[in-house]
K.L.:
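Attaching a single structure in structure tokens format; questions to follow.
Because only heavy atoms are used, hydrogens play no part in the values below, and waters and symmetry mates are left out as well, while side chains stay in. Every chain is numbered from 1, with letters handed out A, B, ... down the list of sequences.
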There are 2 protein chains.
Amino acid sequence: MLSYAEENYLKTIYHLSEESEGKVSTNSIADRLDTKAASVTDMIKKLSAKGVLSYRKYHGVTVSEKGRIAALKVIRKHRLWETFLVDKLKFNWDEVHEVAEELEHINSSLLIKRLDEFLAYPKFDPHGDPIPDENGEFKEKPQVALNLVKIGSSGIIVSVKDSNNVFLQYLDKIGVYLGAKIKVMDQVEFDGSMEIMIDGKRTVFISKEVSENIWITD
Amino acid sequence: MLSYAEENYLKTIYHLSEESEGKVSTNSIADRLDTKAASVTDMIKKLSAKGVLSYRKYHGVTVSEKGRIAALKVIRKHRLWETFLVDKLKFNWDEVHEVAEELEHINSSLLIKRLDEFLAYPKFDPHGDPIPDENGEFKEKPQVALNLVKIGSSGIIVSVKDSNNVFLQYLDKIGVYLGAKIKVMDQVEFDGSMEIMIDGKRTVFISKEVSENIWITD
DNA sequence: ATATATTTTTAGATAAGTCTAAATTATCTA
DNA sequence: TAGATAATTTAGACTTATCTAAAAATATAT
């Protein structure tokens, strides 16, 4: 049984280990959780004692199989709740993250089973991230970041990789949404910014930073 | 801003003050929360410092107006979630209490506003208890405990006053549910037990303890 | 009305989670 | 590869919420 704080650490460490393929450093965890390295050291000791992380002093942590299962349970809950908020309660995609951060810690397997059923077993959340099933299994849609796409090619937006309110509100403003058809019109070599056409209707310029966070069908 | 634990204390103290009309003793709070009197003393000091209780040493506490508002917010959330679980997720009425105890502490006014809307502004929860509106206002249905009803009279069950699983499962078993028509057939003076007819179909014997917790239209 | 019983509070301890400051280890660079 | 810099850990302190045991106040009963 993991506490609220332990679940948050584990989930974050799992995400970091997916991003960076391997060991996760104390400081990267502290940065992501907006806490201090000393607190992280304390917590990773506890989590490795519980068998969800493996830890070698001064060399960061990796997530164990047991930890992966536990992390995916929390992520499953988070993404199901986000889907509920958008599909049933008419939240915008930029309004769901904070609330889902709280809801993900509610402990009831019946609740999650029934919620999943109520939502008709969704496979992706409102940002296009896959929702693990009760066994922690899921599949990503084949996808590629927009900044890696050649000029002239097009695809459908299948996910956005940053759930920050400001980013999502910006996407709303320029008319980018999951399912939109994107064609890359031009890319500036100097700064990596690009011009894209949305749904064949309108073109907008986006920075490299933005294009890295928009992923389209491969 | 109240913490999780503070919200639980305040809600419980509010319920106790409603039951007993007035001052609430340290021990009654400890009993209800399954904690120790010393812990309660600590907490009521904190809560009176925050202005939600008024406290005189050795003489128990009363809930202030500010406290009443805060308590009713938690109760509103609890009862809306219970309604959601039963109406949308097909929980039985004996399965909702524990989960709602967790969900009631989720902090998002948008969430509660939208949940209320989604449930079509319910006025009563699955046990017949009234759901306060966003201003903390609500009205009880005119109702009376079954044990106080005269032999021969009848009414509709409008609420059950105990949310304990075992009690609710017992009611299921004998066919008692909110909205059922009850006629009091007989009452035994010796122990207060009674024979009731349910929906004009079937009669059952119930103890005084049970009849005190079933309330019908006045 | 006084002794006894009950209730409540205080004092001091514990656990979880966090912090700052200092010490230690690892990594980078010249 | 040695010294400087960066990352990490340790030590000690704080807060919240809890507990036990003892002290103090209130209530009860003869």
Side-chain angles (χ1 to χ4, degrees), chain A residues 1-13 16-17 19-63 67 70-71 74 101-102 104-107, chain B residues 1-14 16-17 19-20 22-63 67 70-71 74 101-102 104-107:
Chain A
M1 205 62 272
L2 298 180
S3 71
Y4 192 108
E6 286 167 347
E7 281 190 347
N8 271 336
Y9 271 90
L10 179 59
K11 181 191 62 167
T12 299
I13 294 166
L16 286 167
S17 77
E19 287 165 28
S20 61
E21 285 299 333
K23 283 188 179 161
V24 179
S25 76
T26 302
N27 268 356
S28 67
I29 300 167
D31 283 358
R32 186 67 69 93
L33 284 171
D34 200 26
T35 182
K36 301 297 173 200
S39 310
V40 172
T41 301
D42 285 346
M43 185 55 96
I44 61 190
K45 280 182 188 166
K46 263 206 293 181
L47 290 175
S48 30
K50 292 200 174 189
V52 294
L53 296 180
S54 74
Y55 168 50
R56 210 182 109 227
K57 257 191 199 178
Y58 292 100
H59 293 274
V61 293
T62 54
V63 178
V74 180
E101 284 291 297
E102 297 194 44
E104 72 187 9
H105 301 291
I106 302 288
N107 258 322
Chain B
M1 207 62 270
L2 298 180
S3 72
Y4 193 106
E6 286 168 345
E7 282 191 346
N8 271 336
Y9 271 90
L10 179 58
K11 181 191 62 167
T12 299
I13 294 167
Y14 173 81
L16 286 168
S17 75
E19 285 165 27
S20 61
K23 282 186 179 163
V24 180
S25 76
T26 302
N27 269 354
S28 67
I29 300 167
D31 284 358
R32 187 68 68 90
L33 284 171
D34 202 25
T35 182
K36 301 297 174 199
S39 310
V40 173
T41 300
D42 284 347
M43 186 55 97
I44 61 188
K45 279 181 189 168
K46 263 206 293 182
L47 290 175
S48 28
K50 291 199 176 190
V52 294
L53 296 180
S54 75
Y55 168 49
R56 210 181 110 226
K57 256 192 195 177
Y58 292 102
H59 291 275
V61 293
T62 54
V63 179
V74 180
E101 285 290 299
E102 297 194 45
E104 71 187 9
H105 300 290
I106 302 288
N107 258 321

K.L.:
Does L47(B) reach the side chain of L2(B), with side-chain heavy atoms less than 4.5 Å apart?
P.N.:
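The answer is yes, as the side chains (C-beta and beyond) meet within the 4.5 Å cut-off.
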K.L.:
Starting at atom NZ of K57(B), determine the distance to atom P of dA24(D), rounded to an integer number of angstrom.
P.N.:
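Nearest whole value for this atom pair: 12 Å.
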K.L.:
Nearest-Å distance, CD (E6(A)) to C1' (dA15(C))?
P.N.:
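Atom-to-atom, E6(A) to dA15(C), this comes out as 12 Å.
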K.L.:
Taking only side-chain nitrogens and oxygens of K45(B), does any of them come within less than 4.0 Å of OP1 or OP2 of dT10(C)?
P.N.:
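Checking K45(B) against dT10(C): at least one side-chain N or O falls below 4.0 Å of OP1 or OP2.
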K.L.:
May I ask you to check whether over 12 heavy atoms, not counting those of K50(B), lie within 6.0 Å of atom NZ?
P.N.:
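Yes, NZ of K50(B) has more than 12 neighbouring heavy atoms, counting only those of other groups under 6.0 Å.
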K.L.:
I want to check something: taking the side chain as every heavy atom from C-beta on, are M1(B) and N107(B) in contact at a cut-off of under 4.5 Å?
P.N.:
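When only atoms from C-beta onward are counted, N107(B) and M1(B) do touch, with a gap below 4.5 Å.
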K.L.:
Over how many whole Å does the gap from M1(B) atom CE to dT16(D) atom C1' extend?
P.N.:
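Distance, rounded to whole Å: 16 Å.
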K.L.:
What's the closest nucleotide to the side chain of N27(A) if the choices are dT9(D), dA7(D), dT8(C)?
P.N.:
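Looking only at heavy atoms from C-beta outward on N27(A), the closest nucleotide is dA7(D).
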K.L.:
Rounded to whole Å, how long is the line connecting atom CD1 of I44(A) with atom C1' of dT8(D)?
P.N.:
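From I44(A) CD1 to dT8(D) C1': 9 Å.
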K.L.:
Send over the distance from I29(B) CD1 to dT9(C) C1', rounded to a whole Å.
P.N.:
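Value for this atom pair: 14 Å.
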K.L.:
Would a distance-only check, ignoring hydrogens and angles, find a side-chain to backbone donor-acceptor pair under 3.5 Å from S20(A) to L16(A)?
P.N.:
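Answer holds: yes.
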K.L.:
Could you tell me if the side chain of I13(A) sits less than 4.5 Å from the side chain of L53(A), heavy atoms only?
P.N.:
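Counting from C-beta outward, L53(A) and I13(A) do come under 4.5 Å.
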K.L.:
Check every strand shown and say whether T41(B) touches a base, only sugar-phosphate, or nothing at a heavy-atom separation below 4.0 Å.
P.N.:
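It contacts base atoms.
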K.L.:
Taking only nitrogen or oxygen atoms into account, show me every contact under 3.5 Å that the protein makes with nucleotides 18-21 of chain D, one pair per line with its distance.
P.N.:
residue : atom : partner : partner atom : Å
dT18(D) : OP2  : Y9(B)   : OH           : 3.4
dC19(D) : OP2  : T35(B)  : OG1          : 2.7
dC19(D) : OP2  : K36(B)  : N            : 3.3
dC19(D) : OP2  : S39(B)  : OG           : 2.5

K.L.:
Side-chain contact test, heavy atoms from C-beta onward, threshold under 4.5 Å: evaluate it for E102(B) versus H105(B) and give yes or no.
P.N.:
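No, their side chains stay 4.5 Å or more apart.
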K.L.:
Is there a side-chain contact between V52(B) and E6(B) in this structure, where contact means two heavy atoms from C-beta onward sitting under 4.5 Å apart?
P.N.:
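Not in contact.
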K.L.:
For R56(A) and dT9(D), give me the distance from atom CZ to atom P, rounded to whole Å.
P.N.:
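About 11 Å, once rounded to whole Å.
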K.L.:
Report the base-pairing partner of dA11(D) (Watson-Crick or G-U wobble, both distances below 3.5 angstrom), or none.
P.N.:
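dT20(C) is the nucleotide pairing with dA11(D).
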K.L.:
Taking NE2 from H59(A) and C1' from dT8(D), how many angstroms apart are they, rounded to a whole number?
P.N.:
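Atom NE2 in H59(A) sits about 10 Å away from atom C1' in dT8(D).
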K.L.:
Rounded to whole angstrom units, what separation is found between the OH atom of Y58(B) and the P atom of dA25(D)?
P.N.:
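To the nearest whole Å, that distance equals 6 Å.
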K.L.:
Counting any heavy atom closer than 4.0 Å, what does Y4(A) reach on the DNA or RNA strands: base, sugar-phosphate only, or nothing?
P.N.:
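Nothing, no nucleic acid heavy atom in range.
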